[in-house]
Visitor: 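One structure, pasted below without further comment.
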Amino acid sequence: MERRVSENPFGEFRRECRDLLLRVLEKISPDLMTYKVALEIPPNPQFGELTSLICFEASKYLSKPPLELAREIEAISKSELGFFPLLESIEAAGQGYVNFHANFERLSSLTIESAIALDKEYGYVKTEKPEKIIVEHTSVNPIHPIHVGSARNTFLGDSIARILKARGHSVSVHYYVDDVGRQSAIVAYGYKLLGRPKPSSKPDHFIGAIYAVTNCLLEIRRLKKLLERSKDELSHDEAQRIRNILDDWVAVAVELQEKFPDIFSSLLEAFEKVADPESEVNLLMRNYEEGDSEAKELIREVSSLCLEGFKQTLERAGITFDSWDWESDFIWSGDVARCLNALKKTPYVFRSGDVFEFDAESVARDFGLKEALGMKKNYEIPSLTLGRSDGTTLYTTRDIAYSIWKLENADRVINVIGIEQRLAQIQLKLALYALGYSGKAERLIHFAYNLVNFPGQRISGRRGRYITLDEAMDEAVSRAYEEINKRSADLTEEEKRKISEFVGIGAVKYALIETDPLKPIVFTWDKVINFERNSGPYIQYSHARACSILRRAPRRIEEADFSLLKEPIEHEIILLIARFPEIFMEAADNLRPNIIADFANSLADKFNAFYASLPVIKAEPPELSNARLMLVNATRITLRNALFLMGIEAPQRM
RNA sequence: GGACCCGUGGCCUAGUCAGGAUAGGGCAUCGGCCUCCUAAGCCGAGGGUCGGGGGUUCGAAUCCCCCCGGGUCCGCCA
């Protein structure tokens, strides 16, 4: 048989089914051709590899029971079958399904040979419309370490970038360094009070401690003052409410004092000497925006220190960026001011007290965007405050300028940002419409994901309540090392270290990519460091097993008789491998990295079942062994390629 | 109060956009399987009013309406 290679084997089968069905429908009644011919995956192999539901639709039109029509299709298709090599048979079933059964000899051959021939490219079907895409992800403020909650952002973003690249887009990955906000001024102020110390630990952890303590002391000072100053004006309830918040922060202070005793006591001491730390922070923030050289030097120093720590973490996790975009640069270049002025010239900005407000609601109404934005008609979108009364800028306003810059440099911009910023992202988008950038606005995508919380409480950078990504990776890697030390004692120390890195980090990545991004995750160590079924390591293990078989095989096989692969489990594996390209396309075109995780897990499942029940190397006759070896190789390639899209290493041994 | 998201066995989760055949997995529990390619594995068992109620449909976890529960947002924070 002629050897063929397809980038999408199941797609070929799907096309044949559709073509055949259309031919048959034309014979029955040309009007049927207008029906949507959607072919679906049947729930059970006994119903074939694809199924059509067209008879249920068409039965009304032809006033014929669905099953009768299905039988008619079955009968007519018999004479056409010869033109469609990947099809074995068509049969009417159930209430009126038309089931398509594949010719497994040919589908197996096409699938396995394609996977092996395309190797590192298998599954990565290229788009017909390559775009320039900017993916902005992580963008953790440079004031505390990357914690496991923001790691969800990092890994989803990284996976999206990998998937889009594999799809043939030109992808540029950006990190937005938010150094302008009040938070940066707070941490810089604390850092200055401490006399700009050299970090005594990993720089981002060190900065995170300073930030949490400084912020906490500021909050306590502010709340106490508030209670004191307005003792007589406050209602009883109001005063009680503030006292409760204060109590909360005092509890935070106790936690922080325990965790960072040195920083805490030094900062507490320094704070007592300052009359009004609050205004000093505000001054620093203002000076920074104005480009005051002392403020610039200080805040850039703190931010860079923190970023240095991020880069260590990200490098370990295998995450890279093409561009680090400093928010402050957009202020100093005048972009933000220009953008603000332009916005003020539109009819959508009004004054409210000392500040300008952006009337997002009117834009949505005038441009008829409510429905497209997923909002109810009667819901009034809140306005957006564009600046502080002291003249400094606000985050979303700065983000408008940044977004325009990104959109000028790309066909599509994907922002991986927490779902809690949904409203702000909508307001931002509406501002682009108001500015006359409708085309750009449509190409701006907010990829939203939900929070990772601890059981019973929120992760909070401001309170210093978090588990860092570093800790999570350390813990996962050390557990992986124990495991690998037990089972693969013959590996060198270096190999063991390397593999435990892959496995531990793979576990964390998988756990954060696998769940639907819109669902909140409750953090537990057992969930994030899972090495059992439905985990990164489970897939890696399956890959290593496939490698192990191939390593031990006495010969390299380049062709085989695939008609010998008759076991149902073999067919299931082949089908999954064949479907990988279309699952990949779905993941790429709908931004769904989690379905790659799901797919890889299913394939690993099937492969392990196969592994346990059927011999490969010792299979008899040798021709069967050959065919299985090639199946194992195709599985290995597909698992590896799926793992790659999640940024998970595929070790050959573990 | 309003808007958005989520609700699937004890716990976690796929399927919901594009409605179809006995609702897939995993954890935990119980019972089996290593002189045989890595047991991070495999096989089997029990366990489900798909949050509730209406509706549309030949057919609803999936679509529509109402309600309930949880989360998020509604800041001169980011």
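Residue numbers begin at 1 in each chain, while the letters A, B, ... track the order of the sequences.
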Visitor: Mind checking what makes ring-ring contact (aromatic ring centres under 6.0 Å, His included) contact with A/F330, not counting sequence neighbours?
Guide: A/Y402, A/W405
Visitor: Please report the shortest heavy-atom distance between A/S542 and A/F607, naming the atom on each side.
Guide: O-CE2, 3.5 Å
Visitor: Going by salt bridge (Lys or Arg N to Asp or Glu O under 4.0 Å), name the residues that satisfy it together with A/R592, two or more places apart in sequence or in a different chain.
Guide: A/E586
Visitor: Can you find a side chain N or O atom of A/R422 that sits less than 4.0 Å from OP1 or OP2 on B/A3?
Guide: no
Visitor: Which residues satisfy the salt bridge (Lys or Arg N to Asp or Glu O under 4.0 Å) test with A/R463, sequence neighbours excluded?
Guide: A/D248
Visitor: Select base, sugar-phosphate, or nothing to describe what A/N99 touches, counting heavy atoms under 4.0 Å on all strands.
Guide: base
Visitor: State whether the aromatic ring of A/F56 stacks on the base of B/G59, taking stacking to mean ring centres under 5.5 Å apart and ring planes under 30° to each other.
Guide: no
Visitor: If you pin A/E357 and A/M654 to their nearest nucleotides in RNA chain B, which one's is more 5'?
Guide: A/M654
Visitor: Judged by each residue's nearest nucleotide on RNA chain B, which is more toward the 5′ side, A/N44 or A/S488?
Guide: A/N44
Visitor: Please give me the minimum heavy-atom distance between A/E532 and A/Y538, naming the atom from each residue.
Guide: O-CB, 3.2 Å
Visitor: As a test of reading the structure: which of B/C5, B/A21, B/C76 is closest to the side chain of A/L518, going by heavy atoms?
Guide: B/C5
Visitor: Within the 4.0 Å heavy-atom criterion, would you say A/T51 contacts the bases, only the backbone, or no part of the nucleic acid?
Guide: base
Visitor: OP1 or OP2 of B/A3 less than 4.0 angstrom from a side-chain nitrogen or oxygen of A/K377, does that happen here?
Guide: no
Visitor: Hey, does A/Q540 reach any base, or is it just sugar-phosphate, or nothing, if we go heavy atoms under 4.0 Å?
Guide: nothing
Visitor: May I ask you to verify if any side-chain N or O of A/Y538 is less than 4.0 angstrom from the OP1 or OP2 atom of B/C42?
Guide: yes
Visitor: Taking ring-ring contact (aromatic ring centres under 6.0 Å, His included) as the definition, give me every residue that meets it alongside A/F310, ordered by chain and number, with sequence neighbours left out.
Guide: none
Visitor: Examine the side chains of A/E49 and A/N99 and answer whether a donor and an acceptor come within less than 3.5 Å of each other.
Guide: no
Visitor: Please classify the nucleic acid contact of A/V522 as base, sugar-phosphate, or nothing, using heavy-atom distances under 4.0 Å.
Guide: nothing
Visitor: Nearest of B/C37, B/G41, B/A21 to any side-chain atom of A/I549?
Guide: B/C37
Visitor: Of all the nucleotides listed (B/A18, B/C43, B/G15), which has the minimum atom distance to the side chain of A/E586?
Guide: B/A18
Visitor: Protein-nucleotides 23-25 of chain B N/O pairs closer than 3.5 Å?
Guide:
none

Visitor: Report the nucleotide, chosen from B/C76, B/A21, B/A39, that has the shortest atom-to-atom distance to any side-chain atom of A/Y541.
Guide: B/A39
Visitor: Consider the side chain of A/N608, meaning its heavy atoms from C-beta on, and name the nucleotide among B/A14, B/G41, B/C73 that approaches it most closely.
Guide: B/G41
Visitor: In terms of side-chain heavy atoms of A/A609, which of B/C43, B/C76, B/C37 is nearest?
Guide: B/C43
Visitor: In terms of side-chain heavy atoms of A/E532, which of B/G41, B/C73, B/A3 is nearest?
Guide: B/G41
Visitor: List for me each residue that meets side-chain hydrogen bond (donor to acceptor under 3.5 Å, both in side chains) alongside A/Y175, sequence neighbours excluded, and say none if there are none.
Guide: none
Visitor: Report the residues that fulfil salt bridge (Lys or Arg N to Asp or Glu O under 4.0 Å) with A/R458, sequence neighbours left out, ordered by chain and then residue number.
Guide: none
Visitor: What are the atom names and distances for every N/O pair under 3.5 Å that joins the protein to nucleotides 64-70 of chain B?
Guide:
none

Visitor: Just to verify, what does A/F599 make a ring-ring contact (aromatic ring centres under 6.0 Å, His included) with, not counting sequence neighbours?
Guide: A/F580
Visitor: Taking only side-chain nitrogens and oxygens of A/R458, does any of them come within less than 4.0 Å of OP1 or OP2 of B/U72?
Guide: yes
Visitor: Using the salt bridge (Lys or Arg N to Asp or Glu O under 4.0 Å) criterion, which residues pair with A/R388? Sequence neighbours excluded.
Guide: none
Visitor: Please evaluate the base of B/C77 for a donor-acceptor partner in the side chain of A/R462 within a cut-off of under 3.5 Å?
Guide: yes
Visitor: When you check the phosphate oxygens OP1 and OP2 of B/C37, does a side-chain N or O of A/R636 lie under 4.0 Å from one of them?
Guide: no
Visitor: Are any non-hydrogen side-chain atoms of A/V349 and A/K344 less than 4.5 angstrom apart?
Guide: yes
Visitor: Establish, with yes or no, whether the OP1 or OP2 oxygen of B/A14 is under 4.0 angstrom from a side-chain nitrogen or oxygen of A/K519.
Guide: yes
Visitor: Taking ring-ring contact (aromatic ring centres under 6.0 Å, His included) as the definition, give me every residue that meets it alongside A/Y510, ordered by chain and number, with sequence neighbours left out.
Guide: none
Visitor: Would you mind calling B/C34 syn or anti? Take O4'-C1'-N9-C4 for purines or O4'-C1'-N1-C2 for pyrimidines, and syn is within 90° of 0.
Guide: syn
Visitor: Answer with base, sugar-phosphate or nothing: what part of the nucleic acid does A/G418 contact at a heavy-atom distance below 4.0 Å?
Guide: nothing
Visitor: Of the residues in residues 610-620 of chain A, which ones touch RNA chain B at a heavy-atom distance under 4.0 Å?
Guide: A/Y611, A/A612, A/L614, A/P615, A/V616, A/I617
